[in-house]
Structures are given as C-alpha cells and as structure tokens.
Protein chains: 2
Amino acid sequence: MPPLYKAVKQKLTEELRTGRWRHGQVIPSEPLLARRYAVSIGTLRRAVSELVAENILVREQGRGTFVASHTRDYMLNVFFRIEDRDGRRALPDSELISFRHGRANRAAAAALQIAVGDPVFQIRARLRLHGRPVILDEMRLPARLFPDLNEHIFSRRDTTVYGMFQARYGITVARTTEALSAELADRHTCELLGLQAPAAVLKVIRTAYAYKDLPVDWRVRYIDTKRHHYLSVLGGP
Amino acid sequence: MPPLYKAVKQKLTEELRTGRWRHGQVIPSEPLLARRYAVSIGTLRRAVSELVAENILVREQGRGTFVASHTRDYMLNVFFRIEDRDGRRALPDSELISFRHGRANRAAAAALQIAVGDPVFQIRARLRLHGRPVILDEMRLPARLFPDLNEHIFSRRDTTVYGMFQARYGITVARTTEALSAELADRHTCELLGLQAPAAVLKVIRTAYAYKDLPVDWRVRYIDTKRHHYLSVLGGP
DNA sequence: AAGTGGTCTAGACCACCAT
DNA sequence: TGGTGGTCTAGACCACTTA
C-alpha cells in the first residue's frame, strides 16, 4: 500500500494540473482540505510540505498557502544560478534574435519526449547583465504546449519566460536539469558576445520540467564567464 | 522562543561534533532519544529528519539511524557531479602530483576563514576516469584541522579524500559550494590533461564545509569536458 | 477577534530487519 | 519475536496576519 499522504499529494497536484487552483492564488486552508480528503491535519500537512519542497506551493504564516508564482524574484532565487565575481545575482535583460517555427531534431526530441519532426518553436536570444552581453540562448519549445505563441508575446518585457509560460499557458516550471561543459566559442558566438577568438565559453544544456516531470523547454546556452560564474551547491542547506 | 525541535537538533549535532557518535555507527533509537531529551517522538523525529536532509544521518527502516559514512558510493551520489555523455557516473582514480606545506594566500584564507599566512597543505593531483586524465586538482587544507597529515596518508587508495577526513580526523563534509566558469587551458594544464592548445576547460572552485559551516577544503579544479559534463539540478526532486 | 499556518503531544498500527 | 523506523490520528496551544 502506498502511503496515504502520497495519495493526498496526488489529489492536490491534480487540482493544480487541471487549473482549478491558479498561480498566485491561495488554496483552501489546511483544516478544510483535511476534512475534504478525510485525513488528519498531520497527513494533509505532510502532503503540502512535499509540494512546498518542490517549489509548487508556498506557505505564508497567518495568510495561507499559495500556488507558487514565477515572479522575477522567485526565478532569481530558484532557477538562475549565474552571479558576478562578488556573488551578486541579477536577472538579465533579454534581446530576441530570431523566432522560428521548426521541427525537432533527435537531441531536442529526446529531451522534450516528443517525436523527431514534431513542431517546435526555435528561439534565439541574447541576454545582458548590467548592459553587457553575457549569455546566448537557443531554446526549443514543443509547439503543442504553447498554442498561438508568437514573436510578440515572446518579446514582452513585463515578465520572465517562465512567468509567461505560467500566466498564458498555465504551465509551471518546477525543476530543471543542466549539463555544463566548457567549449571554445565559434566565430558567431564570439561576435554576439563581443569576444576575441580564441575564447572559452560555458555551455549549458538545460531541460525544464513542469508538474509530473513533463519537459517544457530545452535550450543550449553559452555564457561568457569572464566576469561571472555559475554557482552550484551540493548537500544540505 | 526558538522551536523545540531546533534545540533537539543542536543536541544531536553536539553528540556528533564531540565524537560521541562516530561515522558508520547506529545512534540510539528514536523512543530512547525522545525520553532522553524529554520531548515527544514526533519532535525528536523532526530534528532527526533535518539532519537526514543535510546528509549527516541516514535512516534505515527496521535497522536504525546511522551517522553518514563517506563511502565511495555515498560520495558519488552526493558530491561528485561529473558524468559522461551517457549520464554514467564513476569516481575517478587519483594520482598525486605534489604535496607541500605552504601558507594561505588571500583567496585561500578568505574561503577557509583563516588568516593570510596561516599554514595550509597544498596538494596537486590528477584524476583519471576510465584511464583517461580528466581532472586537475589543487587543494588547500587548513593545517590546524589535519595534524600530522602527510603525503603517504594522502595517497592511500582505499578511500576518498573526504572518507579519509572522516576516518582519521573525525571531520565529516556535509556541504560544498562550487563556482564554475570556462577558461582557456594554459600550457601546463594542456600537458597534464593531454590537450592541444587552444582548449577550453571547465574551472571549478570548490569550498567544502563540515558541521556548523566550518570550511575544511578549498580547491581549484580544471576539468576536460570533451567526454564529460557537470550535472546541476535545480528545484524540487 | 477570527482565521491562518507552525509547533508539539501521546498515543496507535504497520513494514521491515535481525535473531 | 522483539526492536527499528514509517505512517497516521486527534487533539492542543502558539505566532502571525487581516479586518
């Protein structure tokens, strides 16, 4: 028998997945949910605690429990690991280079768990930190998940990409994996980042997942690490 | 008032820090500890759970709770994030290049929280994965924490470096932070890793911490990422 | 003052492991 | 069979927010 709190967690996840509870909103109180699911408050709290640990819910004492909202601050703290030499972090400004309709190649299909040739959006962007171009992104998004996405929606400046996923498509990114390596920058990359060849760049291949480990974004990113680095923390807090 | 379970956690940590409970051993059962500290089993379990989350204790159902032991498998799962293109991980074989007594420069002193000029061990090593040289390490260890450490102890093959810290000095590494960047390899690095200049290498600056955030190891590491990458996971499981 | 999440208790039963 | 950790309950009181 699977533990009861896992079943409760499933039910909570279902409410989120079907859009019954939307990002930024409060969910019902713990005593109420405990009654609704016919479990004790302790069991209900354990299920909620797991979703909090997974960045899906956020507790605020005295106010309630909320569906996590991908504000800029939230993004910065959870998913953006690039900081300057003094340990300061800031979100980059994005500059769209190109927005195309394409088809998934083998690598993209494998990462996004779709078929080779399935339609994807293929988006290039250059990101600046404190005015300097530092990051080059090439994203591929499964077109099926983002009906009607277009260049204009994409280049709006009032939110992050993942904030837009959430507000417009109800897709909440909960987890990413990134594979890092060092490479020599090619001519094109040097030009866009203002580097003199030969130059080394940090290559990051990211896959982002929504609830239930659904892949929603696959991107290759090149970072100029002359003035910045990528921070990784291993083990306990 | 700080919560009771935090106080209990402090008491548990004290038992570990003073060496009353040694790595690999069972600690007393939960009902017994709850009685000893005069708290309920739930409160005791919460304190233990936090130490488990911090990689300091390990629970085994039906057997007991153990002080984490830095076996090779454990290291591999928690602290070693380098894997090959197919996602396979293996611990490297180490080859000592040099072992010297030195003094902390500014960067080492800041990271290790000691004074500039304090004695440190300065150790270079080359690490091989599947026979190929892939990693170059330059470690600095505060000499005060490792009395009588020498080249022979260090180059023994029966354990990892952190396993040796624990078995010989009672120091358990619980957390590391790593700052990653890409650099062009210098001539020396190219030679030791068998690279043709110009080549890009992944530079990792690691600080390792024991209980209570005591820094115990600071190292600069260069990795050839032609056949390997560094894996970083962000957000919930 | 009423409602929220945060802490804490004192039990119960279950699943697993050693003997 | 006895001891371990894992789950679950049904309460209580506290700290904090909002109205």
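Every chain is numbered from 1 and lettered A, B, ... according to where its sequence line falls, protein lines coming before strand lines.
Nucleic acid contact class of R45(A) (heavy atoms, under 4.0 Å, all strands): base. Heavy atoms of E30(A) sit under 4.0 angstrom from primed sugar atoms or phosphate atoms, though from no base atom.
Taking the side chain as every heavy atom from C-beta outward, Y5(B) and E50(B) approach each other to under 4.5 Å. Put simply, the side chain of V216(A) does not reach to within 4.5 Å of the side chain of Y169(A), judged on heavy atoms. A 4.5 Å side-chain heavy-atom check between S69(A) and Q166(A) finds at least one atom pair inside the cut-off. I56(B) places a side-chain heavy atom less than 4.5 Å from the side chain of L16(B).
One can place CD1 of I41(B) at 15 Å from P of dG3(D), the figure rounded to the nearest angstrom. In this structure, R59(A) places its CZ atom 15 Å from C1' of dA15(D), rounding to the nearest Å. Atoms CD (E60(A)) and C1' (dA15(D)) sit 15 Å apart, rounded to a whole Å. dT4(D) atom P lies 8 Å from atom CG of L32(B), rounded to whole Å.
Nearest-nucleotide positions on DNA chain C for G64(A) and A38(B) put G64(A) closer to the 5' end. Mapping S29(B) and T43(A) onto DNA chain D via the closest heavy atom, the residue that lands nearer the 5' end is S29(B).
The existence of a salt bridge linking K11(B) and E14(B) is excluded, since no basic side-chain nitrogen approaches an acidic carboxylate oxygen closer than 4.0 Å.
Scanning DNA chain C 5' to 3' for nucleotides with an atom closer than 4.0 angstrom to a non-hydrogen atom of chain A gives a first and last hit of dG3(C) to dT7(C).
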Could you walk me through whether E83(A) and H228(A) pass the side chain to side chain donor-acceptor pair (under 3.5 Å) check?
CA-CA 6 Å; E83(A) 56 180 39; H228(A) 299 82; over 6 Å; no
